[in-house]
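Written below as structure tokens is the structure these notes are about.
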Protein chains: 2
Amino acid sequence: MLRISKLSDYGTIMLAYMAEDPEALHSAAELAQSLQLGQATVSKILKALAKHSLLTAFRGASGGYALARPAEEISLAEVIDALEEQPFGLTECSSHEGNCAQEVSCVMRANWMRINDIVRQALEDVTLADMIRPPVPRRGTTQFKGVPVTVRSSSGNPS
Amino acid sequence: MLRISKLSDYGTIMLAYMAEDPEALHSAAELAQSLQLGQATVSKILKALAKHSLLTAFRGASGGYALARPAEEISLAEVIDALEEQPFGLTECSSHEGNCAQEVSCVMRANWMRINDIVRQALEDVTLADMIRPPVPRRGTTQFKGVPVTVRSSSGNPS
DNA sequence: CTCATACAGGACTATTTTAGTACGCATTGG
DNA sequence: CCAATGCGTACTAAAATAGTCCTGTATGAG
């Protein structure tokens with residue numbers, strides 16, 4: 001379908017949870033407990049996130065995980081990249097080229113890729129910090145209506 | 001992952017194929033032949049599309065299918081709606097409410113829904129007519145209206 | 001120094017989803 | 001009438017996903 005995997009979903013929730021207390025070290029056990037998820041599963045997700053440098057792991061007794069970066073700098077796209085198996089792309093064709101049997105499908109590929117970009121961008125424009133913030137119908141400027149999200153341009157000197 | 005099903009992919013291709021010759025009646029056999037797909041599969045997809053009024057079916061000898069509407073009026077969102085099982089939504093939570101065990105996840109739901117809207121919109125903005133048209137790098141026409149994809153924002157300001 | 005705790009990495013199993021096929025029924029043009 | 005073609009549904013097969021477990025390594029506490 002058109003849905004992120006449960007692992008990514010969990011991962012987002014876990015990261016959001018950790019983002020609310022970025023200083024603390026969170027162990028797999030704690031997270032599993034707090035979020036009511038299987039410990040083995042939580043552990044698996046944490047490992048993947050650490051491997052992709054979204055989390056920093058501390059081993060040993062009283063170890064655990066902490067966000068590797070501020071929540072404002074972690075986008076959903078990164079989380080998904082870390083936890084989904086397949087590359088990214090709405091269609092198979094959009095991720096790897098080559099095996100289109102038909103011309104029509106090849107013509108469409110470029111179009112799919114453009115749609116992909118839009119989705120991708122939407123995911124990149126939202127950070128963990130945004131996710132734990134109450135709904136915000138609009139904040140300063142358009143929140144993430146396909147445009148600027150982490151808005152700091154209200155004051156006149158964006159970039 | 002984050003990918004439409006093969007059925008939707010095929011469906012899009014099939015519709016695009018038909019859109020190139022909207023007057024003609026296309027039988028399942030013909031499509032299977034032309035697009036090199038299994039006839040049973042093609043047939044299954046056609047049925048679903050007809051059921052959702054994207055195609056009009058003609059039974060009996062020398063029957064077949066034809067687009068129910070001009071290609072300009074059929075969006076990818078409709079195709080996907082017709083061919084995907086689950087409702088639509090990047091997360092489970094965004095489609096049906098209720099079972100969030102945690103507060104964090106509930107706070108996030110609204111945010112996911114916004115992201116959903118963006119994706120949805122991107123899919124609604126593209127029609128079959130667009131898909132069979134060559135790549136079209138340009139924006140600002142009626143092509144991929146609405147959603148500017150070029151925005152940036154991944155700069156976090158963690159203060 | 002030793003041990004319990006906690007992460008690392010990988011293999012494995014179970015479950016769920018998706019893809020693909022089959023088959024009997026209904027419709028219709030020739 | 002009958003062969004072509006769609007209709008509906010049930011079923012099977014394959015693949016992807018989710019979830020578990022085991023063995024190894026690091027490290028803080030006692």
- Item | A:L90 side chain near A:W112 side chain, heavy-atom distance below 4.5 Å | yes
- Task: State plainly whether one hydrophobic cluster holds both B:L35 and B:L46, where clusters connect Ile, Leu, Val, Met, Phe, Trp and Tyr through side-chain heavy atoms under 4.5 angstrom apart.
- Result: yes
- Task: Determine, step by step, whether B:D130 and B:T127 satisfy the side-chain hydrogen bond (donor to acceptor under 3.5 Å, both in side chains) criterion, reporting the C-alpha distance in whole Å, the side-chain angles of both residues, the deciding distance to 0.1 Å, and the verdict.
- Result: CA-CA 5 Å; B:D130 293 324; B:T127 69; 3.2 Å; yes
- Query: Regarding B:Q121 and B:D117, is there a side-chain donor-to-acceptor distance under 3.5 Å anywhere?
  - Reply: no
- Query: Is A:S5 near enough to D:dA16 that one of its side-chain N or O atoms lies under 4.0 angstrom from OP1 or OP2?
  - Reply: no
- Query: So what does B:K6 touch, heavy atoms closer than 4.0 Å: a base, only the sugar-phosphate, or nothing?
  - Reply: sugar-phosphate
- With a 3.5 Å cut-off and just heavy-atom distances, do the side chain of B:K47 and the base of D:dG6 make a donor-acceptor pair? no
- Item | Phosphate-side-chain proximity, A:Y65 and C:dA8, N/O vs OP1/OP2 below 4.0 Å | yes
- Task: With heavy atoms under 4.0 Å as the rule, sort B:K51 into base, sugar-phosphate or nothing.
- Result: nothing
- Query: Counting just side-chain N and O atoms, does B:Y10 come under 4.0 Å of either OP1 or OP2 of C:dG20?
  - Reply: yes
- Indicate whether the side chain of A:S75 and that of A:E124 have a donor and an acceptor atom separated by less than 3.5 Å. no
- Item | Contact under 4.0 Å: A:S27 side-chain N or O vs C:dT5 OP1/OP2 | no
- Message: side-chain hydrogen bond (donor to acceptor under 3.5 Å, both in side chains), that's the test. Do A:S34 and A:Y17 meet it? Break it down for me.
- Response: CA-CA 9 Å; A:S34 301; A:Y17 176 86; 3.0 Å; yes
- Message: Is the phosphate of D:dC7 approached by B:S43 (side-chain N or O, under 4.0 Å from OP1 or OP2)?
- Response: no
- Listed in order of residue number, which residues of residues 53-61 of chain A have a non-hydrogen atom at under 4.0 Å from DNA chain C? A:A57, A:F58, A:R59, A:G60, A:A61
- Quick one: B:L83 CG to C:dT17 P, roughly how many Å, whole number? 18 Å
- Item | Those residues that, when tested against B:R59, pass salt bridge (charged side-chain N to carboxylate O under 4.0 Å, His left out) (two or more places apart) | none
- Looking at C:dG20, D:dG19, D:dC7, which one has an atom nearest to any side-chain atom of B:T41? C:dG20
- Item | Distance, rounded to the nearest Å, where A:I45 contributes CD1 and C:dG9 contributes P | 16 Å
- Query: To the nearest angstrom, how far is B:L37 atom CG from C:dT21 atom P?
  - Reply: 10 Å
- Item | Under-4.0 Å salt bridge between B:D81 and B:R120 | yes
- Using a cut-off of 4.0 Å on non-hydrogen atoms, how would the nucleic acid contact of A:A28 be classed: base, sugar-phosphate, or nothing? sugar-phosphate
- To the nearest Å, give me how far apart NZ (A:K44) and P (D:dA18) are. 8 Å
- Please report, rounded to the nearest Å, how far the C1' atom of C:dT17 is from the CD1 atom of A:I4. 17 Å
- Task: Tell me whether the OP1 or OP2 atom of C:dT18 has a side-chain N or O from B:Q86 closer than 4.0 Å.
- Result: yes
- Figure out the CD/C1' separation between B:Q39 and C:dA19, and round it to whole Å. 16 Å
- Message: From CG of B:L2 over to P of D:dA16, roughly how many Å is that when rounded to an integer?
- Response: 16 Å
- Task: Nearest whole angstrom, please: distance from the P of D:dG8 to the CG of B:L46.
- Result: 13 Å
